[in-house]
Structure formats: structure tokens, C-alpha cells
Protein chains: 2
Amino acid sequence: MVQSVDRAMIILDCLKESPKGLGVTDLSKKLGVAKSTVHRLLSTLEKHRYVKKVNNEGIYQLGLKFLEMNHAVMENMNIVELAHPILDELTKTVAEITHLVMLENFELVYIDKVESTSTIRIYSQTGRRAPMHCTGVGKAMAAYFPEKKLERFFSHTDWKAFTPYTITKEEDFRAELDRIREKGYSLDDEEHEEGIRCVAAPVFNHQGEVQYAISATGPTNRMNNKRIEEIIPLVKKAAYKISKAIGY
Amino acid sequence: MVQSVDRAMIILDCLKESPKGLGVTDLSKKLGVAKSTVHRLLSTLEKHRYVKKVNNEGIYQLGLKFLEMNHAVMENMNIVELAHPILDELTKTVAEITHLVMLENFELVYIDKVESTSTIRIYSQTGRRAPMHCTGVGKAMAAYFPEKKLERFFSHTDWKAFTPYTITKEEDFRAELDRIREKGYSLDDEEHEEGIRCVAAPVFNHQGEVQYAISATGPTNRMNNKRIEEIIPLVKKAAYKISKAIGY
DNA sequence: AACGGTGTTCCTTATTGAGGAACAAGGAGA
DNA sequence: TCTCCTTGTTCCTCAATAAGGAACACCGTT
């Protein structure tokens, strides 16, 4: 582990949390390192445009290089291009927000979303992360893990209870996965956030492995059992379409 | 300048250019540093999710942290939120692609675009960079630089000729800026790419400084002189709206 | 079975990053 | 207006630590 690189990236994290930007002194206090060290790191980051000074004063913010890098990352993920139209259609038919997620280190990463009302700020919530054990998409993916991978997932998870309905025991979770495999979809019944229900389904790649998942999410008052029953086949169908689009 | 941080970021640049990802040996050759050094840097970057191994083999790609960071950067740029609906409307009325750009180190950065046909991949070309001297938006902004800043710009620019029509002399450029100030808009007449014309106008902030610019771009066959004349007031009006929205 | 190619680990050295202190600049308050 | 904080920035010295060579482990090919 390279200390200076590590520190540089911690600085970036700090700046991410402080939209207004931070000065050298602020950062040096936060990190517990000398001002001069922070200053040197910032200069290096600035050279590569990962940070920038706001109107040439001593306040630093995240730089525009991140737009560039984001673009490059997105380019590689042609999954978004393939899936977006299908997600778009799904949003239209179910009139609820839909998401596309993938996995990284047993954590969910939201890589696309389509809102019913506004097409604006499509990029906004992408990049958000969430745990698997308390979400529809997380469970949908876990249900199709091979046993080995599932065990590795269990050793990673902390079973944190976000609501009274969150599943927090391995045996309960395994039972839930059996149900999901049987039905081909998963439900999130206020397990992550009270008042929110969602329907999710897995997306498989050409090797038959689960690689992504999609969901339709809404408030409990709209998402009653009758509505859920209507939505289920639509989500499953959309997930299947995406699976086929990526070569399943 | 911190060597290790610098190298880490050069590695990220290399990975950006190689969508398929690179191995430790490839990178070590590219950078001219030892494999072990590259490996150590990659491990540190991986810890922060700026890079990831593709299916746990020895190939590294850009990581999903960039989506997160992009999100944070975008959040701060409420300019995009403000301008997007106006850009959207402009695209509808002129039926050509429109762009919103800002400046960084006398280079243009595209921060939003609206295509006429598809709302998909809205994020795609954002983050792209281009020189000022050969683009409509670049000239529109330069026209409203204070003399001091203009001189600094001249000392930065390389006057590279992208097409036979690119302006490559300072005196010609200054004459062009005079024309732009007089008319309140700028034209790009195949100066950056043959077959492409565009109409651009500057956006001013609350201090009356030029801070952004917008443009409508299309192929020469559609963008004849008559059409250009129709488009000009629309672009100017949209730019003015955005200026007002940010407090001009 | 031997080889060439990976990525990874270890260890030693001197390169280079770190931090204290001094400096410059700017703003607030008396 | 002058002073006194508090900024960011620069410099310099020392030792922490990053770098690179070499050895190792692994895989696929010949």
C-alpha cells in the first residue's frame, strides 16, 4: 500500500463529502497530516485535474477529470446502452422508477435508472451503493449464486437491520433465496426502507451466470399486493429481454 | 509533485485509453517502471475502487468509483440542472444537437448535451475536451475575455489547424472576436471538422463574466445560410435565458 | 517436462515524501 | 490605519518509505 497515493485518494473522498470545497488547513486537520504534505498532494492532483481551485483561491474542489473518467467507464459498460431502452419501456408500463444494478465486492452498484416523470439528470443517482441482503435486486442476484460464492457473500455481509423487516439471519435468507429461485423474481418488502416496496429480477450473461439485476420500486400505498402481482411478469420479462440482449 | 501519486494517475490515464484493461506487465512497460511498483500502485488504487480486476484475473480496468465521483461533481454543477431544460427546448426547436460547455485551463469541457432523436446516453459525450480557437463555443467565450485573460489564452494556444478553415493567426482571431462581440453570437464554419457548422453564444454569470457557452451543431447540408439565420436568434435567446437563470 | 509468459511477494537501499518552520498574503477588528 | 490572526505557499533537512531487482508461484503452450 502506497501511503501517498492512499492519502491522495482520502483527500478526494473528503472533497466528495464537501461540495463547497475545502482548504489546505481543513484537509490537514481532517487527515491529521502536515499542511505542506496536503498541499503537495493537492498540487499533484491538480496537475491531473482531479481537483481544481475554485476561482484561484485556496479552496479545492473535485475537478472535471472525473467527467472524463466517468465517460470512459460508461463506454465500456455497453450493458447500459443495451438495457436502457428496455428499462425505459418498463418504466412506462409500470409507472414506477426502475433501476439497473451490478455487483462489486458483494455490494450493489446502481448503474442506470429511469424515472417516470423526468428524463433529466439521468446520471444523477448512478454510482450509488447499497448492501445486498436487504434489497430486492441483491436477493435476486444472491439466489443464483453458486454455493461457493454464496458462502463468500455470507462471510462478507454484516446483516445490518435497516428496518424491522430486514432479513438478518442466514437461515432465513437461504429460505428466501429458495423461494426466489422457485418464482423467478424477488420482492423487497420494506426491508431496506420503510414505506418502500420493490420487485426485482436477475439478468444472466452468456455463461448463464447472474450478472445484473433490475427492479421497479415504489411506495407501499401504490405498491399494494394486487399491483405487485401485475408488475411481477413485466419485470421478469424485461429482465429476460436484457439477458437475451447480452447473449444469454 | 509526488511521484507515486503522479504515477498512479498516469496508470489511470493508460487504463482509460485501454477499454479492455491492462496487465501489470503492460503497464510497467508503458510507464517504464518496475512491475512490482506498478503492482503496488494498482493495489492501492484497487483498495479505493478506482481500478478493479476483471473477473479476478490479472487484468485491471477502471473501477466504479468513478461513477460515484462523477455523481458528486455533477451534483455541485447545478448549472447543468438549470441549463438542461433550456437546452432541451432549444434542441426541440432547432432540431439539431446542442451542447453546454465550460472552460478549464483555456480548454473547453463539454458538460451537457441534448440530442434531437434519442434521450439515451445523455451522459455519453460529456467530459469531452476541445480547443477553443477552432470552435464556435470557444470563440464565443474568448470574445468576452478581458484583454489580460485573452493574452494569457494566446500564450497557451497552439493554433493547430484542424481544417483548411481553422483560424491560425492571432490577428485574424482578434478580428473574428470583434465581429462576434458586435453580433452577439459566433459561427463555426467547418473550422474544427469539415462538413460541420455550428452556431454558438456565450453565457454570463452574475458578475457579467463569460462562464459557459452553448451551441447548436449540424452538418453543412442541413445548416445552410438561410437555416443559420433562423437558428441564430434561438441560440442567443437560450443563452440569455441560461445567463438569467444563473443570476446575470 | 521444460519453457516462456503471467502476477505476486520479499528485501534492501537510497530516493523521495514528510513535516517543521519561515514566509507571504489577506481579512477582521480595534 | 495598523495590528494580529489565519490563510496558503515555499524551503530544507531527515528518516520513513517507495522503488526495483530478484525470487517465487502459477498457468498454458510447445
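To find a chain, count down the sequence lines: A is the first, B the second, and so on, and within it residues start at 1.
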Check: residues 137-152 of chain B side-chain donor-acceptor pairs under 3.5 Å, at least two apart:
{"from": "B:Lys139", "atom 1": "NZ", "to": "B:Glu176", "atom 2": "OE2", "distance (Å)": "2.8"}
{"from": "B:Lys139", "atom 1": "NZ", "to": "B:Leu187", "atom 2": "O", "distance (Å)": "2.7"}
{"from": "B:Lys139", "atom 1": "NZ", "to": "B:Glu191", "atom 2": "OE1", "distance (Å)": "2.9"}
{"from": "B:Lys139", "atom 1": "NZ", "to": "B:Glu191", "atom 2": "OE2", "distance (Å)": "3.0"}
{"from": "B:Glu147", "atom 1": "OE1", "to": "B:Arg174", "atom 2": "NH1", "distance (Å)": "3.3"}
{"from": "B:Glu147", "atom 1": "OE2", "to": "B:Arg174", "atom 2": "NH2", "distance (Å)": "3.0"}

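Shown are B:Leu27, B:Val38, B:Ile59, B:Ile11; of these, the side-chain contact (heavy atoms from CB on, under 4.5 Å) with B:Leu22 is made only by B:Leu27. Here the rule is side-chain contact (heavy atoms from CB on, under 4.5 Å) with A:Tyr212, and of A:Leu103, A:Val101, A:Leu100 only A:Leu100 fits it.
Ring geometry, A:Phe153 versus A:Phe106: the interplanar angle falls from 30° to 60°, so the pair is classed tilted.
Within residues 8-27 of chain A, no residue has any heavy atom closer than 4.0 Å to DNA chain C. The stretch residues 31-47 of chain A comes close to DNA chain C through A:Val33, A:Ala34, A:Ser36, A:Thr37, A:Arg40, each having a heavy atom under 4.0 Å from the strand.
For CZ of B:Phe154, the number of neighbouring non-hydrogen atoms (other residues, nucleotides, ligands) closer than 6.0 Å is greater than 12.
Between its opening and closing five pairs, the helix from C:dA1-D:dT30 to C:dA30-D:dT1 changes axis direction by 30°, a value rounded to 10 degrees.
Here the side chains of B:Val24 and B:Ser36 are not in contact, with every heavy-atom distance at 4.5 Å or above. Looking at A:Tyr240 and A:Phe204, their side chains never come closer than 4.5 Å, going by heavy atoms from C-beta outward. Looking at B:Val210 and B:Val203, their side chains never come closer than 4.5 Å, going by heavy atoms from C-beta outward.
Along DNA chain D, read 5' to 3', the first and last nucleotides having any atom under 4.0 Å from a heavy atom of chain B are D:dA18 to D:dG21.
Scored by the side-chain contact (heavy atoms from CB on, under 4.5 Å) test, A:Asn205 finds A:Gln207, A:Glu209, A:Gln211, A:Ile246 as partners (sequence neighbours excluded).
A salt bridge between A:Asp13 and B:Lys65 is present, with a side-chain N of the basic residue lying under 4.0 Å from a carboxylate O of the acidic one. Between B:Glu68 and A:Lys16 there is a salt bridge, since at least one side-chain N of the basic residue sits less than 4.0 Å from a carboxylate O of the acidic one.
No side-chain donor-acceptor contact under 3.5 Å links A:His133 and A:Asp158.
If you take CZ of B:Arg7 and P of C:dT15, they are 13 Å apart, rounded to a whole angstrom. B:Asp6 places its CG atom 13 Å from the C1' atom of C:dT16, with the value rounded to the nearest Å.
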Review point. Should A:Arg49 and B:Glu104 be marked as a salt bridge (Lys or Arg N to Asp or Glu O under 4.0 Å) after you check the CA-CA gap, both sets of side-chain angles, and the distance that decides it?
Key: CA-CA 9 Å; A:Arg49 301 196 317 273; B:Glu104 193 184 51; 3.2 Å; yes
